[in-house]
Amino acid sequence: MTCRVRFAPSPTGYLHVGSARTALFNWLHARSTGGTYVLRIEDTDAERNRSELTDSLLAELEWLGLDWDEGPFYQSERRDRHREVVEDLLVRGLAYLCDADNHEVAGSTLVDGLAVRFRMPAAETVAFEDVVRGEVSFSSDDLEDFVIWRSNGSPMFLLANAVDDADMGITDAIRGEDLLSGVPKVLLLLDAIGSPRPTYAHLPLLVNERRKKLSKRRDDVSIGDYRARGYLPEAMVNYLALLGWGPPDDVEVRPLAEILELFRIGDVNKAAAFFDLKKLEHVNATHLRALERGEFLERVAPWVGDAAPWPTESFDPVKFSTMAGLVQEKLRTLGDMPRFVDFLFLEDPVDDPESWEKAMVKGVSAAEILDGAALAMADCPWEPQALIAAVSEVGESLGLKLGKVQAPIRVAVTGRTVGPPLFEAMAECMERGEVLRRIARARARL
RNA sequence: GCCCCCAUCGUCCAGCGGCCUAGGACGCCUGCCUUUCACGCAGGUAACACGGGUUCGAAUCCCGUUGGGGGUGCCA
């Protein structure tokens, strides 16, 4: 039998990294087993029933490449069906009306202003086999009668969730562990309406450095923010797959298509996983480096366009693409690009105090180096090897190796100690006059 | 409080009773390469929470302790 899974987010206006991981695992499970992946928006709460809140959610899922087969279905549009189930439960005495003080009110039909609670059976053990956790069981005695229908005439999450899973023929419910303790209630509900129970798989939570569930207040949880900072969707999805799961061959950085081949929902871990930005950066940098030149240029384009820290009109795409090849392997995110090339498009290089301190103040013989370089570079051929030779000569006369001599020149020309290969950048993308002007400018500031 | 879940290097993942003197990755440190940074290469650092069992044999199974987390709404 082929499976049917669903990703059922509540619209919050953005896609949470934890939700993205859940969506990914559902997608992987469906795609690797030939199943069907359903998208359902759980917006039973009126507050969340606003289209702009779901638009970004869908856009981010698409960005990640997690396409769905059916939906999106909106829970808010299924209210009549939910009402029908609640009324049936009421008639059968499995649920009862209750007022704001939680007092039972007699009656077997819905009444405006009254909520409905599911009647918890006594002394019943509710057990199920979780695909990642094994057997989990609860006693109904520890559970309260819970609200399934609000006094304002809308269904509660647990009811809508159970009914929709049943109606949509969901066979595998894959979701976060924070929903684990709600399972017995859903199971009882499912039993009450005579629907088969789906198989559950509760994924370990994603936590922060303090081992707490990722929260939007303290942590960077929005997929959209990572996107804006220059993370690639393939890297994001790759890293997310590594939280709670690992490939059997230990090859961690790889395309989604390969992960799809190796993924087994039953291999997922039970323990919570720390969302490690350092590792995400590593995965991203690796994917970035693997991009072909043309592809890379297309992907960074947004970061060197209107949002870039230089006047749009001074941008030179030819210089940029020449330089891009030299810095592609140095980036961790696409967002790193501007600071590697800004010196080419700014009137004067940025003034990075730390770099200045390091190369001009603490560095040895900055003045002599700049003077010597200005002289040597004034008439040598304008090509990398000639520049290296000229500068090396200056260095020799001062007893310094190339690595040391280039530092003040780099800071004078680019503003920073970190950047693309200096001599290539100067020879291929800058005019002699401009380079000399910047060296003189820096010399004057010493 | 009550219920549920979890527990291998700082972090993520491997290990599913003997192949473990516990493996890989990120991070960190050292060296090499070197026009900075990065990449690459060669090394290094570092873990089975604790206590009882079961077994010829336990990181692997069971129980307890401790620690951590989640849930406990007319939110989802």
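No experiment lies behind these values; they were computed from the predicted model shown. These numbers come from the heavy atoms of this one structure, side chains and all, not from hydrogens, waters or symmetry mates.
Here the C1' atom of nucleotide G24(B) and the CZ atom of Arg254(A) are 13 Å apart, to the nearest Å. Rounded to whole angstrom, the span from the CD atom of Glu354(A) across to the C1' atom of U36(B) amounts to 15 Å. Atom-to-atom, NZ of Lys213(A) to C1' of U72(B) comes out at 12 Å; the value is rounded to the nearest Å. Atom pair Leu179(A):CG and G71(B):P shows a separation of 9 Å (rounding to whole Å applied). At whole-Å resolution of the value, CG in Leu180(A) and P in G71(B) are 11 Å apart. Separating the CD atom of Gln406(A) from the C1' atom of A38(B) is a distance of 13 Å, rounded to the nearest angstrom. Rounding to whole angstrom units, NZ of residue Lys212(A) and P of G71(B) are separated by 11 Å. Rounding to whole angstrom units, CG of residue Asn284(A) and P of A38(B) are separated by 17 Å.
With Trp356(A) as the aromatic partner, Arg445(A) meets the cation-pi criteria of under 6.0 angstrom to the ring centre and within 45 degrees of the ring axis. Geometrically, Arg229(A) does not engage Tyr231(A) in a cation-pi contact, judged by NZ or CZ lying under 6.0 Å from the ring centre and within 45° of the ring axis.
Taking the ring centroids of Trp68(A) and Phe7(A), they lie at or beyond the 6.0 Å cut-off.
The base of C37(B) does not come close enough to the side chain of Thr417(A) for any donor and acceptor atom to sit less than 3.5 Å apart.
Atom CD of Glu428(A) has more than 12 heavy atoms from other residues, nucleotides or ligands within 6.0 Å. Residue-environment remark: CD (Glu357(A)) exceeds the threshold of 12 foreign heavy atoms within 6.0 Å.
By the 30° and 60° cut-offs, the orientation of the rings of Phe138(A) relative to Phe128(A) is parallel. Phe345(A) and Phe320(A) have tilted rings, their planes meeting at an angle from 30° to 60° on a 0 to 90° scale.
A 3.5 Å limit on both hydrogen-bonding distances identifies U30(B) as the Watson-Crick or G-U partner of A42(B). Base pairing of U36(B): no nucleotide in any strand meets the Watson-Crick or G-U wobble criterion (both distances under 3.5 Å). Across every strand in view, C61(B) sits in a pair with G53(B) that passes the Watson-Crick or G-U test at under 3.5 angstrom. With both pairing distances under 3.5 Å, C20(B) is matched to nothing as a Watson-Crick or G-U wobble pair. For A25(B), the paired nucleotide is U11(B), the pair qualifying as Watson-Crick or G-U wobble because both relevant distances are below 3.5 Å. Across all strands shown, the partner of G1(B) is U72(B), judged by Watson-Crick or G-U wobble contacts whose two distances both fall under 3.5 Å.
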Table of protein N/O atoms under 3.5 Å from nucleotides 43-46 of chain B N/O atoms:
none

Atom pairs, N/O to N/O, protein against nucleotides 11-14 of chain B, distance under 3.5 Å?
| residue | atom | partner | partner atom | Å |
| --- | --- | --- | --- | --- |
| C12(B) | OP1 | Arg211(A) | NH2 | 2.3 |
| C12(B) | OP1 | Phe274(A) | N | 3.2 |
| C12(B) | O2' | Leu242(A) | O | 2.8 |
| C13(B) | OP1 | Gly244(A) | N | 2.9 |
| C13(B) | OP1 | Asn269(A) | OD1 | 3.1 |
| C13(B) | O5' | Asn269(A) | OD1 | 3.4 |
| C13(B) | O3' | Gly246(A) | N | 3.4 |
| A14(B) | OP2 | Asn269(A) | OD1 | 3.1 |
| A14(B) | OP2 | Asn269(A) | ND2 | 2.9 |

If you restrict it to nitrogen or oxygen atoms, what contacts under 3.5 Å exist between nucleotides 29-34 of chain B and the protein, and what is each distance?
none

Does the pair Val186(A) and Leu190(A) meet the rule for a side-chain contact (heavy atoms from CB on, under 4.5 Å), with working shown?
-> CA-CA 6 Å; Val186(A) 172; Leu190(A) 252 16; 3.9 Å; yes
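Salt bridge annotation for Arg40(A)-Glu42(A): present, with a cationic side-chain nitrogen under 4.0 angstrom from a carboxylate oxygen. A salt bridge does not link Lys212(A) with Asp219(A): every distance from a Lys NZ or Arg NE/NH1/NH2 to an Asp or Glu carboxylate oxygen is 4.0 Å or more.
The phosphate of A76(B) (OP1 or OP2) has a side-chain N or O of Thr44(A) nearer than 4.0 angstrom. One finds a side-chain N or O of Arg332(A) lying less than 4.0 angstrom from the OP1 or OP2 phosphate oxygen of G27(B). When the side-chain nitrogen and oxygen atoms of Arg416(A) are compared with OP1 and OP2 of U36(B), none of them lie within a distance under 4.0 Å.
Residue Pro184(A) is out of contact with every strand shown, counting any heavy-atom pair closer than 4.0 Å. Counting non-hydrogen atoms under 4.0 angstrom, Phe423(A) reaches a base of the nucleic acid. Residue Asp99(A) is in base contact, counting any heavy-atom pair closer than 4.0 Å across all strands shown.
Nearer to the 5' terminus of RNA chain B, by closest-nucleotide assignment, is the contact made by Leu422(A) (compared with the other of Leu422(A) and Lys185(A)). Residues Leu205(A) and Arg133(A) both approach RNA chain B. Their nearest nucleotides, taken by heavy-atom distance, put Arg133(A) toward the 5′ side.
Rounded to the nearest Å, the gap between the C1' atom of C28(B) and that of C9(B) is 12 Å. Look at the P atom in both C6(B) and C63(B): the space between them is 11 Å, to the nearest Å.
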